[in-house]
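Okay, structure first, notes after.
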Amino acid sequence: MINFDTTPIASLIEAGYTYADMQMYVTVMIALVVVMTIADLIHKGSKTYFDNAAAKAEAQLAAGDSPCTVGNEEGRLTQLSAGDKAGILVSTIVTDVATAGEFANPVRRLVHILTMYGFILFNAATAMIIYGEAETATLAQVWNAGAILLFIGTFWFWFSFKVDGQAEGVPWTSVTLRKDMFSLSLMATSVTAIGWSYTGGGTGVWFAFVILSTASLFGGVYWSKFSHMFFKPAAAYNKRVIKANGTNENLPHETRDSEWQQNRHSMELLKDAPKNMGLGIKREAPKHY
């Protein structure tokens with residue numbers, strides 16, 4: 001039975017470990033996340049892409065009504081004030097980050113929220129206990145609750161969405177290490193944390209599994225989707241900004257109610273097509289994300 005008023009971290013002190021030892025391990029894990037995330041951004045060119053896109057948008061906005069690659073629809077290009085950008089940032093945090101508004105599938109959205117908040121609560125409680133060098137009943141409850149939420153979210157995702165036997169014919173044993181490393185390490189972290197807590201802590205097998213799973217999670221950022229959690233908010237914010245200022249990265253807007261937008265399509269068939277053309281795919285509810 002899990003005791004929600006304590007965590008297995010306390011048992012490490014009894015076993016002879018110090019908070020300094022634990023702080024060193026957590027600091028190394030944080031450093032690995034930072035270094036590998038930066039390496040991943042450099043490798044994929046994400047920062048360069050956003051910098052170039054921002055510079056291009058500023059040039060288009062500065063051009064005003066003069067001809068440019070994005071066109072010169074009247075009233076389309078808009079200079080955003082600092083207040084506008086702050087409002088967009090708040091909307092991004094509330095909608096795209098805090099409530100996972102990007103997911104149209106409500107079940108997929110719930111799974112993402114459980115996983116995200118379980119991960120945040122578990123790691124935040126761990127850091128507060130270790131760096132604060134003290135454990136309270138509240139922190140212990142948050143730690144255990146976070147591990148359980150992470151367990152529910154990660155396994156629900158794996159068996160309902162990642163391994164979709166009905167829609168995609170993928171068995172649950174199908175694993176591609178590079179692609180599935182993030183999901184598997186999250187699942188392993190939740191399982192080993194709960195097992196460690198359930199067995200009363202200590203420095204036995206469960207503790208070794210916790211170290212192994214967390215090391216693979218934080219040490220494998222460069223090869224997993226871990227850094228994706230930092231990229232997605234930036235991408236969501238950028239998407240809202242380019243829609244608000246009208247630049248839209250030189251892509252057609254959703255509407256076709258102007259002659260200029262209609263003529264952007266190279267195919268004659270699409271020039272007079274209604275906005276909702278091609279939505280027949282939505283007649284059947286998706287079975288996966």
Side-chain angles (χ1 to χ4, degrees), residues 1-30 32-33 98-100 107-163 172-173 175 180-220 224-226 229:
M1 190 73 176
I2 295 176
N3 182 2
F4 277 85
D5 291 329
T6 185
T7 72
I9 295 175
S11 66
L12 296 180
I13 300 297
E14 298 174 0
Y17 284 88
T18 66
Y19 281 111
D21 296 328
M22 292 182 271
Q23 289 168 7
M24 181 179 296
Y25 178 77
V26 174
T27 300
V28 170
M29 294 300 105
I30 294 173
L32 284 173
V33 172
T99 58
V107 177
R108 178 68 183 90
R109 187 176 185 178
L110 176 59
V111 169
H112 181 84
I113 289 175
L114 288 173
T115 303
M116 177 178 66
Y117 283 108
F119 180 83
I120 292 173
L121 292 175
F122 175 74
N123 286 284
T126 299
M128 292 175 71
I129 292 171
I130 292 176
Y131 287 103
E133 299 187 4
E135 178 180 308
T136 65
T138 300
L139 286 176
Q141 290 163 6
V142 171
W143 190 95
N144 285 287
I148 292 173
L149 290 177
L150 185 61
F151 174 85
I152 295 172
T154 53
F155 277 84
W156 193 354
F157 167 77
W158 184 269
F159 288 103
S160 293
F161 296 96
K162 169 61 182 69
V163 183
W172 71 271
T173 53
V175 173
D180 300 326
M181 183 177 182
F182 184 46
S183 295
L184 292 172
S185 55
L186 277 175
M187 293 165 69
T189 297
S190 66
V191 170
T192 55
I194 292 173
W196 189 34
S197 183
Y198 182 82
T199 56
T203 57
V205 175
W206 280 109
F207 176 63
F209 284 149
V210 168
I211 296 299
L212 181 62
S213 60
T214 53
S216 65
L217 174 63
F218 298 111
S224 74
K225 290 181 62 179
F226 194 111
M229 69 175 64

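Just so you know, these numbers use all the heavy atoms, side chains as well, and skip hydrogens, waters and symmetry mates.
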>> Please check: side-chain N/O of Asn144 versus main-chain N/O of Ala193, any donor-acceptor pairing under 3.5 Å?
In response: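 No.
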At their closest point, which heavy atom of [X] faces which heavy atom of [Y], and how far apart are they?
X      : Y      : answer
Phe182 : Lys225 : CB-N, 3.8 Å
Ala134 : Leu139 : O-CD1, 4.2 Å
Ser213 : Thr192 : OG-OG1, 3.1 Å
Gln23  : Ile130 : NE2-O, 3.1 Å
Trp206 : Val191 : CZ3-O, 3.8 Å

For the residue pair [X] and [Y], establish whether any side-chain heavy-atom pair is separated by less than 4.5 Å.
X      : Y      : result
Phe119 : Thr154 : no
Thr7   : Trp196 : no
Phe207 : Leu12  : yes
Trp156 : Leu110 : yes
Thr27  : Tyr131 : yes
Leu217 : Met29  : no

>> Could you check whether Asp21 and Thr18, counting side-chain N and O atoms only, form a donor-acceptor pair closer than 3.5 Å?
In response: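 A donor-acceptor contact under 3.5 Å links the two side chains.
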> So, Thr214 versus Tyr25: side-chain donor-acceptor pair below 3.5 Å or not?
Replying inline: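 Present: a donor and an acceptor within the cut-off.
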> In this structure, which one of Tyr117, Phe151, Trp143 forms a ring pair (Phe, Tyr, Trp, His ring centres under 6.0 Å) with Phe122?
Replying inline: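 Running ring pair (Phe, Tyr, Trp, His ring centres under 6.0 Å) over Tyr117, Phe151, Trp143 with Phe122 returns exactly one hit, Trp143.
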